[in-house]
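What follows is one structure encoded as structure tokens, with my remarks underneath.
One-based numbering, in listed order, for ligands and for the atoms of each.
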Amino acid sequence: MKKQGPIGVFDSGYGGLTILKELRQRLPQYDYLYLGDNARAPYGSRSFDVVYEYTKQAVEELFSRGCSLVIVACNTASAKALRTIQQHDLPKWDSEKRVLGVIRPSTEEIGSYSQSGHVGIVATEGTVRSNSYELELAKSFPELIVSQKACPMWVPLIENDVYTSEGAKYFIQRDIQDLLSSDEKIDTILLGCTHYPIIESLIKSAVPSSIRVVSQGPLVAQKLELYLQRHPEMENRCSKGGEVACLTTERASTFDSKAKRFFGEPTKAVQIRL
Ligand code: DGL
């Protein structure tokens, strides 16, 4: 039998913990190793090359710590780095390891949530600029009308813990209004950034109740379960102790004090360098 290891989960900061929380809920039997590159977050406005380099370092780190499967739980990194890593780097490192993202699992489902056929995506500047959502949605739902809105203030407000301030509410309402005024038929908004579930209630209070606001976590967890069913060779390489360990590139005590809000469980992080 091949050596077993945890499922790696990576994000620029704390946002990926909203995905990990859903993975734990749906697939509690597996071990998980989370890595937050908190010292270099946010990635949202960084260039393609920088996001690719940082993401590559993080994925290699998780592989070196025994993971065979890594989920890039960051839309910005999924949009800017995933394909290159999958096609260019992975075959050189180890062709039996796998890296999956969060955009495809979301775009395979979100079109079927909309009655009007008009969907809005809120995301970081990097994700919106990459056009990954439009391209992926066109594959699964070619008729869907997609509007995107970059919200560059949201991640810094969340990472810095000031997302309930009046200033934060102003930016959330302003960006949502911009999105909705670009297409009044939008009936579904996808939160295309793993940080945004933290402000889901603020986003919901900024939209009419007829509009559905969708977080990615449950979709990613559902797709991972199906993936592991389809790939028993990978499933056999995932250790099953129900444990979660966390790595951060920032101070561990800072990570632990902030992570609970995103993850809902206490963490005991270890600081590393990438
Ligand atoms: N959670 C990341 C995402 O899903 C945040 C990006 C950032 O670091 O700006 O895009």
So, for Trp154 and Tyr196, is the gap between ring centers shorter than 6.0 Å?
->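 So the answer is yes for these two rings.
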Compute the ring centroids of Tyr34 and Phe10, then answer whether they are less than 6.0 Å apart.
->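 No, the ring centres sit 6.0 Å or more apart.
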Side chain, backbone, both or neither: Asp11 near ligand 1, heavy atoms under 4.0 Å =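 Side chain only.
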Polar-atom distance check: [X] versus ligand 1, any N or O pair below 3.5 Å?
| X | answer |
| --- | --- |
| Thr127 | no |
| Thr124 | no |
| Gly15 | no |

Give the residue, atom name and distance (to 0.1 Å) of the protein heavy atom nearest [atom].
| atom | answer |
| --- | --- |
| atom 5 (C) of ligand 1 | His195 ND1, 3.4 Å |
| atom 9 (O) of ligand 1 | Gly44 N, 2.7 Å |
| atom 3 (C) of ligand 1 | Asn75 N, 3.3 Å |
| atom 6 (C) of ligand 1 | Thr76 OG1, 3.4 Å |

Should the pair [X]-[Y] be classified as a salt bridge under the 4.0 Å nitrogen-to-oxygen rule?
| X | Y | value |
| --- | --- | --- |
| Glu61 | Arg65 | yes |
| Asp161 | Arg261 | yes |
| Glu265 | Arg24 | yes |
| Lys204 | Glu200 | yes |

Which of the ligand 1 atoms, numbered from 1, are nearer than 4.0 Å to a heavy atom of Ser12 =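 The atoms of ligand 1 under 4.0 Å from a heavy atom of Ser12 are 5 (C), 6 (C), 7 (C), 8 (O).
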Considering the heavy atoms of Cys193, write down every atom of ligand 1 situated less than 4.0 Å from one of them.
->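 So the answer, numbered in order with elements, is 1 (N), 2 (C), 3 (C), 4 (O), 5 (C), 10 (O).
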Shared hydrophobic cluster, Val70 / Leu17 (ILVMFWY, side-chain heavy atoms < 4.5 Å) |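 Different clusters: Val70 never reaches Leu17 through Ile, Leu, Val, Met, Phe, Trp or Tyr contacts under 4.5 Å.
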Taking Val122 as the fixed residue, which of Ile172, Leu179, Val128, Asp175 is the one that meets the side-chain contact (heavy atoms from CB on, under 4.5 Å) rule?
->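 The side-chain contact (heavy atoms from CB on, under 4.5 Å) with Val122 is passed solely by Leu179 among Ile172, Leu179, Val128, Asp175.
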Check if Ala41 has a non-hydrogen atom at a distance under 4.0 Å from any atom of ligand 1.
->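 No.
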